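What you see is a predicted model; the values in this text were computed from it and never measured.
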Amino acid sequence: MNSQNYHILNGSALKEQFPKTIEDKIIVAREALVDGNVEGESLEEFYETRARFISSTYAGYSKEDYFEKTVSEFEKIQTIPSNADINLWFEDDLFCQVNFWFVAFLLNKNNHKNSIFLVRPKEHTQYGFGGLNESELISIYENRLSIGQNELHKIALLWEHYKNNDTKKLVQIAKELGENYAFMLPAIDAHLQRFPTSEEKLGRPKASLIQIMKDLKSEEFAPVFREFSKRESIYGFGDLQVKRLFDEVKSFFL
């Protein structure tokens, strides 16, 4: 297989199960851009903002770790040769989508003229890539979606609108992207429901956690997290994101 192919994966877990028969270059997007401050006029300011947030929120990941393990991977995107195919492995949930939009932003910003493809599971489940075996991963790779330059530009705009909290433009651009990207609207809708409204005073994730604790008659994190992952798989939150919400709910609302 062409050694010039690149695969940008959403997280280290997928790297561990990546098909050994696909012998290409791998870049890992180690971020959780769905969580926390994403401000910054320049990329340098943005990375500083994220390094501060991640190191103060996620135990055991220092600012130095962020630059060494996260920023270094994003910087590899800027050095991809112009004749390489770029495959973006991202799922349909909000966590994955926000990271996908940022990677598209980096590719668009650098005027990459490469052939770019999206590789995603055929169906959205709480397990995502983790629920697929090697032959299934190879199958979705072989059926990847080609992303045109105009589409890449629009996906990059999704990141900017997310960053600026411009929810109307998020929805507008997702609709403009059309049928091939219909999976984006449920994730964006879930994002809009994160915020308190007059009808839902807490926002959907926290309200869901409270309902789950009531249904399970439990305030133990592990079973609540498992049930949240089932009911709210559209968010794609890991245990670290849910634990923060869980602790806030227990402190302020129970």
Rounded distance (nearest 0.5 Å) linking atom [atom1] of [X] with atom [atom2] of [Y]:
X: Phe100; Y: Ile155; atom1: CZ; atom2: CD1; value: 4.0 Å
X: Ser146; Y: Glu151; atom1: OG; atom2: CD; value: 7.5 Å
X: Ile234; Y: Asp189; atom1: CD1; atom2: CG; value: 8.5 Å
X: Lys109; Y: Gln78; atom1: NZ; atom2: CD; value: 8.5 Å
X: Ile86; Y: Ile80; atom1: CD1; atom2: CD1; value: 4.0 Å
X: Tyr141; Y: Trp89; atom1: OH; atom2: CH2; value: 7.5 Å

Donor-acceptor pair, side chain of [X] and main chain of [Y], under 3.5 angstrom:
X: Lys163; Y: Gly40; result: yes
X: Asp93; Y: Ala187; result: no
X: Ser139; Y: Ser135; result: no
X: Glu45; Y: Glu41; result: yes
X: Ser55; Y: Arg52; result: yes
X: Asn108; Y: Phe105; result: no
X: Thr70; Y: Phe67; result: no

Exercise. Run the numbers on Lys169 and Glu160 for salt bridge (Lys or Arg N to Asp or Glu O under 4.0 Å), then give the verdict.
Key: CA-CA 10 Å; Lys169 284 188 179 167; Glu160 299 200 51; over 6 Å; no
Hey, does [Y] have a side-chain heavy atom less than 4.5 Å from the side chain of [X]?
X: Leu137; Y: Phe129; value: yes
X: Lys63; Y: Glu48; value: yes
X: Val119; Y: Phe90; value: no
X: Val242; Y: Phe221; value: yes
X: Asp166; Y: Leu170; value: no
X: Leu158; Y: Leu177; value: yes
X: Asn180; Y: Leu118; value: no
X: Ser82; Y: Lys113; value: no

What closest approach, in Å, do [X] and [Y] show between heavy atoms, and which atom pair accounts for it?
X: Gly128; Y: Pro121; answer: C-CG, 4.1 Å
X: Gln241; Y: Gly238; answer: OE1-N, 2.7 Å
X: Lys201; Y: Pro196; answer: O-CB, 3.1 Å
X: Val224; Y: Ser218; answer: CG2-O, 3.8 Å
X: Gln97; Y: Asp92; answer: CG-O, 3.5 Å
X: Lys20; Y: Glu23; answer: O-CG, 3.5 Å

Practice problem: Start with the C-alpha gap between Leu202 and Leu209, add the side-chain angles, then the distance that decides, and say whether side chain to side chain contact (heavy atoms under 4.5 Å, CB included) holds. | Solution: CA-CA 10 Å; Leu202 301 177; Leu209 280 172; over 6 Å; no
Please tabulate, for the side chains in residues 28-38, all donor-acceptor contacts under 3.5 angstrom to protein atoms that are two or more places apart in sequence or on a different chain.
unit_1	atom_1	unit_2	atom_2	d
Arg30	NE	Ser12	OG	3.0
Arg30	NH1	Lys69	O	3.1
Glu31	OE1	Arg50	NH2	3.0
Glu31	OE2	Arg50	NE	2.9
Glu31	OE2	Tyr66	OH	2.6
Asp35	OD1	Arg244	NH1	2.4
Asp35	OD2	Tyr58	OH	2.6
Asp35	OD2	Arg244	NH1	3.0
Asn37	OD1	Glu39	N	2.8

For residues [X] and [Y]: do they belong to one hydrophobic cluster (side chain heavy atoms under 4.5 Å, members Ile, Leu, Val, Met, Phe, Trp, Tyr)?
X: Leu185; Y: Leu157; value: yes
X: Leu216; Y: Leu245; value: yes
X: Leu192; Y: Tyr235; value: yes
X: Val249; Y: Leu240; value: yes
X: Ile8; Y: Phe117; value: no

Quiz prompt | Member of Tyr162, Trp101, Phe237, Phe95 meeting the ring-ring contact (aromatic ring centres under 6.0 Å, His included) criterion with His191 | solution = Tyr162
Quiz item: Quick check, are the ring centers of Phe74 and Phe46 under 6.0 angstrom apart?
Solution: no
Exercise. Could you please spell out the steps behind the side chain to side chain contact (heavy atoms under 4.5 Å, CB included) verdict for Asn10 and Glu91?
Key: CA-CA 8 Å; Asn10 192 57; Glu91 298 163 24; over 6 Å; no
Quiz item: Is there a ring-ring contact (aromatic ring centres under 6.0 Å, His included) between His124 and Phe183 once you walk through the steps?
Solution: CA-CA 9 Å; His124 170 67; Phe183 57 87; over 10 Å; no
Practice problem: Considering only NZ, NE, NH1 and NH2 on the basic side and carboxylate oxygens on the acidic side, decide whether Lys122 and Glu136 come within less than 4.0 Å. | Solution: no
Self-check item: NZ/NE/NH1/NH2 to OD/OE distance under 4.0 Å, Glu73 and Lys76
Solution: yes
Quiz prompt | Polar side chain donor-acceptor pair, Asp215 to Gln211, under 3.5 angstrom | solution =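 Yes, a side-chain donor-acceptor pair sits under 3.5 Å.
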Quiz item: What residue pairs, at least two apart or across chains, pass salt bridge (Lys or Arg N to Asp or Glu O under 4.0 Å) with a residue in residues 176-188?
Solution: Lys154-Glu176
Quiz item: Is the OH atom of Tyr127 crowded by more than 12 outside heavy atoms at less than 6.0 Å?
Solution: no
Quiz item: side chain to side chain contact (heavy atoms under 4.5 Å, CB included) between Gln172 and Lys168: does it pass, once the steps are laid out?
Solution: CA-CA 6 Å; Gln172 178 192 327; Lys168 283 183 182 172; over 6 Å; no
Exercise. Would you please test Ile22 and Asn87 for side chain to side chain contact (heavy atoms under 4.5 Å, CB included) and show each step?
Key: CA-CA 12 Å; Ile22 303 177; Asn87 301 281; over 6 Å; no
